[in-house]
Amino acid sequence: MTTPMLLMSFSDWLSLFTHFLLLSLMAVGGAVTTAPEMYRYLVNQQHWLSDTQFSSSIAIAQAAPGPNILFVAVLGWNLGVNTGGVAAALLGVFITMTGLLLPSTILSYLAASWGHKNRDLRAVRAFKQGMAPIVISLLCATGWILACAHNNPARDWPLWLLTATATVVIWRTKIHVLWMLAIGAILGGVGLV
Amino acid sequence: MTIRNHLHPKSLTDLFVTFTVLSLQGFGGVLAVAQHELVERKQWMTNEEFVEEWAVAQIMPGPNIVNLALMLGGRYFGFPGAMAALAGMISIPLVIVLLLTAVYGQFSNQPAVIGALRGMGAVAAGLIIASGLKLSSSQKSNPLGIPLCIILGGVSFVGVALLRWPLVFVLLGLGSLACIVAYRNLKP
């Protein structure tokens with residue numbers, strides 16, 4: 001599929017915005033969980049982005065520092081670029097990011113304020129402490145899934161070894177994580193992992 | 001009730017800078033770095049409190065780590081604090097990711113760049129698992145009791161990591177079960 005050339009009307013931008021407002025409220029368990037729906041909307045339904053643009057947007061955001069949610073900004077940027085010009089790209093970033101963040105931000109802020117005011121209620125304490133072992137385990141599961149993205153044992157065993165070593169070193173020592181990331185970058189850059 | 005005796009952010013600027021610094025270290029996810037910066041380096045919260053806040057951030061819609069920033073900023077300085085933490089988390093990384101997007105075409109085929117990203121990705125995965133392991137030591141006095149914590153954690157891990165169940169099912173299904181047991185075990 002080639003890169004689309006677009007003419008976005010006001011109502012197109014508005015429909016993009018309202019769609020992302022809805023996605024924001026559906027993003028329970030993290031923004032990445034809405035990526036498949038964004039793909040369906042932006043690539044399959046509206047043809048605003050090519051398949052390649054969509055996947056490279058996610059790859060760039062993964063490679064850059066910062067929260068994963070920034071892939072949404074890159075999607076907006078690429079969509080704007082398809083309509084031509086930096087101004088449109090910035091508008092795209094603004095619309096996708098505000099759309100995705102506004103409802104969830106308001107809701108989370110209000111819920112958290114309420115929860116903090118009522119933090120000694122039995123129900124609030126039960127919720128937080130009951131969820132704790134599950135969210136901890138989900139953290140380990142996320143790391144596991146990331147490590148398993150490379151799944152060819154013959155070729156990827158050095159990567160797995162690096163992940164296992166990094167796990168133990170960071171768990172057991174007080175080394176700064178940036179050192180470990182730098183070591184990973186060097187090992188990968190010279191082709192050892 | 002445990003005695004809560006730890007440091008706290010000094011100002012809105014302190015919040016903004018702290019969240020910028022931790023966000024800029026987050027390759028492949030910010031949560032693990034957040035635990036390191038907020039609990040171990042800044043000592044704004046204990047591991048127990050971090051897990052409790054994280055549970056709320058995870059169950060609310062929207063990006064978890066953004067929710068965590070909002071909650072923590074709001075706790076100390078109200079709405080302006082929430083906005084300062086959010087701005088710190090997002091603004092400078094946003095500029096960087098857009099600059100990267102603009103030059104992506106020139107570097108996307110360089111083997112050294114691809115290799116470096118692979119290596120960093122592998123370390124980032126280890127970092128996330130390590131923070132999970134660190135946080136698990138905070139559960140010794142959980143009202144669910146250690147055996148049930150291990151069972152719940154084990155089933156969630158197998159479900160999500162190996163069987164690839166949707167996250168929402170685990171959070172709502174196992175989560176509500178865990179909350180009910182915790183409610184019964186906590187003293188009224």
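Reminder, nothing fancy here: chain letters follow the sequence lines and each chain counts from 1. Bear in mind the structure is a predicted one, so any value in this text is a computation, not a measurement.
With values rounded to the nearest 0.5 angstrom, A/Leu75 atom CG is found 10.0 Å from B/Thr101 atom OG1. Here the straight-line distance linking atom OG of B/Ser136 with atom CH2 of A/Trp171 works out to 7.0 Å at 0.5 Å rounding. Separating the CD atom in B/Gln25 from the CG atom in A/Leu181 is a distance of 8.5 Å, to the nearest 0.5 Å. In this structure, NZ in A/Lys128 is found 9.0 Å from CD in B/Glu49, a value given to the nearest 0.5 Å. A/Leu139 contributes atom CG, which lies 10.0 Å from atom CG of B/Asn64 (distance to the nearest 0.5 angstrom). Considering CG of B/Leu127 and CD1 of A/Ile170, their distance stands at 4.5 Å, rounded to 0.5 Å.
Proximity of A/Ser104 to B/Pro63: side-chain heavy atoms (C-beta onward) are separated by under 4.5 Å at one or more points. Using a 4.5 Å heavy-atom cutoff, the side chains of A/Ile134 and B/Gln58 are not in contact. In this structure, the side chains of A/Trp144 and B/Val160 stay at 4.5 Å or more apart for every pair of heavy atoms. Side-chain contact between A/Met97 and B/Ile90 is present, with at least one heavy-atom pair separated by less than 4.5 Å. Considering only heavy atoms from C-beta on, A/Asn68 stays 4.5 Å or farther from B/Ile65 through its side chain. When side chains are defined from C-beta on, B/Val56 does not count as touching A/Met131, because their heavy atoms never get closer than 4.5 Å. For the pair A/Thr142 and B/Leu31, the minimum side-chain heavy-atom distance is 4.5 Å or more.
Closest non-hydrogen pair, B/Ala122 versus A/Leu162, comes out as CB-CD2, 3.9 Å. Shown here for B/Cys179 and A/Ala126, the closest heavy-atom pair between the two residues is O-CB, 3.8 Å. Across every non-hydrogen atom of A/Ala61 and B/Val97, the tightest pair is CA-CG2, 4.0 Å. In this structure, A/Gly66 and B/Val30 approach most closely via the heavy-atom pair C-CG2, 3.4 Å. In this structure, A/Gly143 and B/Ala125 approach most closely via the heavy-atom pair O-CB, 3.6 Å. Closest of all the heavy-atom pairs between A/Arg125 and B/Lys187 is NH1-O, 4.3 Å.
The environment of A/Arg40 atom CZ is dense: over 12 non-hydrogen atoms of other residues, nucleotides or ligands sit within 6.0 angstrom. At most 12 heavy atoms of other shown residues, nucleotides or ligands fall within 6.0 angstrom of atom CG in A/Leu7. Within a 6.0 Å sphere centred on CZ of A/Phe94, heavy atoms belonging to other residues, nucleotides or ligands number 12 at most.
Between chain B and the options A/Leu107, A/Ile186, A/Thr34, A/Leu161, heavy-atom pairs under 4.5 Å are most frequent for A/Leu107. For the set B/Ala116, B/Gly115, B/Ala178, the count of heavy-atom pairs under 4.5 angstrom toward chain A peaks at B/Ala116. The candidate from A/Leu23, A/Leu100, A/Leu178 with the greatest count of non-hydrogen atom pairs under 4.5 Å with chain B is A/Leu178. Ranking A/Leu70, A/Leu101, A/Asp156, A/Val193 against chain B, the residue ahead of the rest is A/Leu70, based on heavy-atom pairs under 4.5 Å. The candidate from A/Cys140, A/Ala164, A/Pro158 with the greatest count of non-hydrogen atom pairs under 4.5 Å with chain B is A/Cys140. Looking only at heavy-atom pairs under 4.5 Å with chain A, the residue among B/Ala32, B/Gly132, B/Gly154 that has the most is B/Gly132. The candidate with the highest count of non-hydrogen atom pairs below 4.5 Å against chain A, out of B/Ala82, B/Pro143, B/Gly159, is B/Pro143. Ranked by heavy-atom pairs under 4.5 Å with chain A, the first of B/Pro93, B/Gly78, B/Ala182, B/Ala130 is B/Ala130. Note: A/Gly130 leads A/Gly130, A/Ser56, A/Ser57 in heavy-atom pairs under 4.5 Å with chain B. No other option in B/Asn185, B/Leu152, B/Leu98, B/Leu174 has as many heavy-atom pairs under 4.5 Å with chain A as B/Leu98. Taking B/Gln139, B/Gln110, B/Arg118 one by one and counting their heavy-atom pairs under 4.5 Å with chain A, the maximum is reached by B/Arg118. When A/Ala185, A/Ala166, A/Ala112 are compared by the number of non-hydrogen pairs under 4.5 Å with chain B, A/Ala185 comes out ahead.
Proximity to chain B (any heavy atom under 4.5 Å) is shown, for A/Leu187, by neither the backbone nor the side chain. Residue contact with chain A, scored on non-hydrogen atoms closer than 4.5 Å, is absent for B/Val181. Contact annotation for B/Ser131: both backbone and side-chain heavy atoms come within less than 4.5 Å of a heavy atom of chain A. Contact annotation for B/Arg164: only side-chain heavy atoms (C-beta onward) come within less than 4.5 Å of a heavy atom of chain A. Both the backbone and the side chain of B/Leu94 come within less than 4.5 Å of a heavy atom of chain A. Contact of A/Val93 with chain B is made through the side chain alone, with heavy-atom distances under 4.5 Å. Neither the backbone nor the side chain of B/Glu48 comes within less than 4.5 Å of any heavy atom of chain A. Heavy atoms of B/Ile92 lying under 4.5 Å from chain A are absent altogether. Of the atoms belonging to A/Ile175, it is backbone heavy atoms, and not side-chain ones, that fall under 4.5 Å from chain B. Residue contact with chain B, scored on non-hydrogen atoms closer than 4.5 Å, involves the backbone of A/Ser24 exclusively. When heavy atoms are compared at a cutoff of 4.5 Å, B/Leu133 approaches chain A by way of both its backbone and its side chain. Interface residue B/Glu37: only side-chain heavy atoms are found under 4.5 Å from chain A. Only the side chain of B/Leu117 comes within less than 4.5 Å of a heavy atom of chain A; its backbone N, CA, C and O stay farther away. Contact of B/Leu135 with chain A is made through backbone and side chain together, with heavy-atom distances under 4.5 Å.
Both A/Val74 and A/Trp48 are part of a single hydrophobic cluster, where members link through side-chain heavy atoms under 4.5 Å apart. Note: the hydrophobic cluster containing A/Tyr39 also contains A/Tyr41 (ILVMFWY, side chain heavy atoms under 4.5 Å, direct or indirect links). Connection of A/Phe71 to A/Ile95 is established within a shared hydrophobic cluster, with ILVMFWY side chains joined at heavy-atom distances below 4.5 Å, either directly or through further cluster members. Residues A/Val190 and B/Val123 share a hydrophobic cluster, clusters being chains of Ile/Leu/Val/Met/Phe/Trp/Tyr side chains in contact below 4.5 Å. Put simply, B/Val17 and B/Leu24 are part of two different groups of oily side chains (I, L, V, M, F, W, Y) that touch within less than 4.5 Å, one to the next.
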Next item on the list: Start with the C-alpha distance between B/Glu52 and A/Val124, add both sets of side-chain angles, then the distance that settles side chain to side chain contact (heavy atoms under 4.5 Å, CB included), and finish with yes or no.
Entry: CA-CA 10 Å; B/Glu52 292 184 4; A/Val124 172; over 6 Å; no

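Proximity of a side-chain donor or acceptor of A/Lys174 to a complementary backbone N or O of B/Glu40 within less than 3.5 Å is not detected. Judged by distance alone, the side chain of B/Ser156 and the main-chain N or O of A/Leu138 form no donor-acceptor pair under 3.5 Å. No donor-acceptor distance shorter than 3.5 angstrom exists from the side chain of A/Tyr109 to the backbone of B/Gly74, with no hydrogens or angles considered. Side-chain atoms of A/Thr163 never come within 3.5 Å of backbone atoms of B/Gly126 as a donor-acceptor pair (strictly under, hydrogens ignored).
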